[in-house]
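So that the names make sense, note that chain A is the first sequence line, chain B the second, and so on, each numbered from 1.
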Amino acid sequence: MLRTHTCGELRAENVDQEVTLCGWVDSTRDHGGAVFIDLRDRYGKSQVVAAPQAGVPLVESASRLRSEDVILAKGLVAMRPEGTVNDKLSTGEVELRVTHLEILNRSRTPPFTPGQQDLPGEDLRLKHRFLDLRRPEVQRAMYLRSRIVKSMRDYFSEHDFLDIETPVLGRSTPEGARDYLVPSRVHHGKFYALPQSPQLYKQILMVAGYDRYVQVAKCFRDEDLRADRQPEFTQLDLEMSFVDADDVIGLIDGLVARLAAELLGMEVELPLPRLAYDEAMERFGDDAPDLRFGMELVDCTDLARQAEFRVFRGAADSGGRVRGFNAKGAAGEFSRKRIDELTDYVRQDFGAKGLAWFRVEEDGTLWSPISKNFSNELLVQFSERMEAEPGDQLFFVADSWDVTCKALAGLRRRLGAELKLYDENAMHFSWVVEFPMFEFDEENQRWNAMHHPFTAPRVEDVALLDESAASCRAQAYDLVINGSEAGGGTIRLHDCALQEKVFRLLGIDEATAQERFGFLLEALQYGAPPHGGIALGIDRFVMLFGGWDNIRDCIAFPKTQRASDMMTEAPGDVDASQLAELNIRTIPLSER
RNA sequence: GGGGCCGUAGCUCAAUUGGUUAGAGUACCGGACUGUCGAUCCGGUGGUUGGGGGUUCGAGUCCCCUCGGCCUCGCCA
């Protein structure tokens, strides 16, 4: 080891010791006779002083140092002179009086420095990620991520889980997300797929008797990106045998409490609250509601039916809903311009036909450009239903059930943030349970599995498989943190007959099922235990625990929205010979 | 595939209604300086205004196309 200490380590008790530091030049202050160097590594910063006593050549050498040069500095630790202590630095009481200075490597003038106050654009930071990763804020993310993964591994290890790796090169299954494909050289015209999750393998492991499996698994989905979605991401994946949903939820409750305590010093009350899917949709229009604040949805469909206002009555009469929420005391926040923006938002993003609103006046009456379409008695009823008080602002969407959910959930989230309805440091953990088994795919006129086709229905709902698929609920559970889906799992079908029934409902015939999941169906016939599990999104955990609003900040080498890597410039071209070996020919864009 | 925001010096930003030679801070280069810590002071280099086309007497500014980044709807079992 070239160094004896790190740059974050030196304190008053090290005074008079001869030490050697290695690190990057964070900044220099050249006074001619003396040069001050802030030397940085991932542990902190120390001031290194090249003073005249050390000799002219050393001072001259120090004066030529520039940002991000890598140096070795050897010398004596000394107390700083009175009045020059820097209390912004943990090492600020002392300094290293250098006697030997070695330049281990020069740096080109960097496009940005880790210490600069104006953060450069994200594209530049990603292009020079090796510089960006030197920034303390990014290091905080990498540190937190490492701590979270370690805590998770410790926790599951203590609970007798076995860490087992599953293949990355697997078989494509057309359900779910688009697969990333890998061509096979050996098998002409055939492809592997990268896993969207280790789902089937972990079920096989249960059949094989490894009754507690866990893995930190890379997963791949070739879908469009978002602030909280990357094409490759990491899951803490686990599966257990002989358990029901409560067992899995209880286990994760314990993990969440431990992570909150260890990493945030926060006490979380257990069990975590649970919300049924139907209730979540009714109260928040959202299957991952942000419970850090209220502003719940209120149904006024029955009142709307009595209104002259055609938009309201029409939605109510045609099987839709009229729902809204009350932005308490916020009437002053909504200029016409802002309301127009919000109207555009629900129209553009969720297909709502419009956004109705009322301002609650000083005398308690509701005022709105549309209020002349309502009788006074009806307005009073709306007002009572919405618990309206002077200064409140009411918003309503009249549309299909689906659109009222999406539009009001989006609006509620947006206004929750804009009106600062919650403490940014607050953490709220909860479960959403009792998801429907199926959702109807309007486009293809068929049922789809809401979670995946191996999900078990609730025991009391099994009979509904024959009668009414729509009302059949699954043994599924999602972990929600601050309105983000941070994890999700199910109890699986371990009964072959039931599994086949579900396949039939999903329109997957015997032959297709055999072709795609034959190995699972076969395994289920050789003594498959009841089993279930969950996968937690590690990137999102880091993002939420660390207070970032962007998953890229929590990944060492993330991809841009168009799924490219600005540093390596992946994806890139390959040689024609490589393609030839794989029997692949690309089609020019013009011929598509 | 749709909607929105953005792109000016290495970096962060400014530039009146379309109007003189596109500016500032910082970085960089040179000089001064022995206690600074966003060091200070003096001087200097640095521009295809992302790219292409158009409108105009005149375009960083307006229009069209295109490249790239971000947010979002669709998509993500």
Consider only side-chain N and O atoms of [X] and [Y], and report whether a donor and an acceptor are under 3.5 Å apart.
X	Y	value
A:Q215	A:T166	yes
A:Q47	A:N86	no
A:H531	A:Q203	yes

Nucleotide of [options] approaching [X] most closely (side-chain heavy atoms):
X	options	result
A:R552	B:rC70, B:rU36, B:rU72	B:rC70
A:M566	B:rG3, B:rC37, B:rG69	B:rG69
A:F350	B:rC71, B:rC37, B:rC73	B:rC73
A:D224	B:rG74, B:rG69, B:rG35	B:rG74
A:H31	B:rU34, B:rC76, B:rC71	B:rU34
A:Q116	B:rC11, B:rG68, B:rG74	B:rC11
A:N86	B:rC37, B:rU72, B:rC75	B:rC37
A:E223	B:rC76, B:rC37, B:rG10	B:rC76
A:R80	B:rC37, B:rG74, B:rC70	B:rC37
A:L124	B:rC70, B:rC11, B:rG35	B:rC11

Nearest-Å distance, [atom1] ([X]) to [atom2] ([N])?
X	N	atom1	atom2	answer
A:Q348	B:rG74	CD	P	11 Å
A:M450	B:rC76	CE	P	12 Å
A:Q561	B:rG3	CD	P	15 Å
A:I37	B:rG35	CD1	P	16 Å
A:R40	B:rC37	CZ	C1'	15 Å

Mind checking if [X] touches a base, just sugar-phosphate, or nothing, with heavy atoms under 4.0 Å?
X	answer
A:P81	base
A:F112	nothing
A:E341	nothing
A:D222	nothing
A:G115	nothing

> Does the side chain of A:L96 reach to within under 4.5 Å of the side chain of A:S46, using non-hydrogen atoms?
Replying inline: no
>> I'd like to check A:V19 versus A:L10 (side-chain heavy atoms, cut-off strictly below 4.5 Å). Are they in contact?
In response: yes
Under 4.0 angstrom between [X] side-chain N/O and [N] OP1 or OP2:
X	N	value
A:S564	B:rG69	yes
A:K127	B:rG68	no
A:R178	B:rC76	no

Inter-nucleotide [atom1] distance ([N], [M]), Å rounded:
N	M	atom1	value
B:rA59	B:rU17	C1'	13 Å
B:rG30	B:rU66	C1'	43 Å
B:rC28	B:rC11	C1'	11 Å
B:rG23	B:rU16	P	13 Å
B:rA24	B:rG46	P	14 Å
B:rU61	B:rG19	C1'	11 Å
B:rU49	B:rA9	P	9 Å
B:rG69	B:rU12	P	16 Å

>> Going by the rule side-chain contact (heavy atoms from CB on, under 4.5 Å), which residues pair with A:L126 if we only count those two or more places apart in sequence or in a different chain?
In response: A:E122, A:R129, A:P558, A:T560, A:M566
Every protein N/O lying under 3.5 Å from an N/O of nucleotides 23-31 of chain B:
{"from": "B:rC29", "atom 1": "OP2", "to": "A:R66", "atom 2": "NE", "distance (Å)": "2.9"}

>> Partner lookup for B:rU12, please. Criteria are Watson-Crick or G-U wobble with both distances under 3.5 angstrom; report none if nothing qualifies.
In response: B:rA24
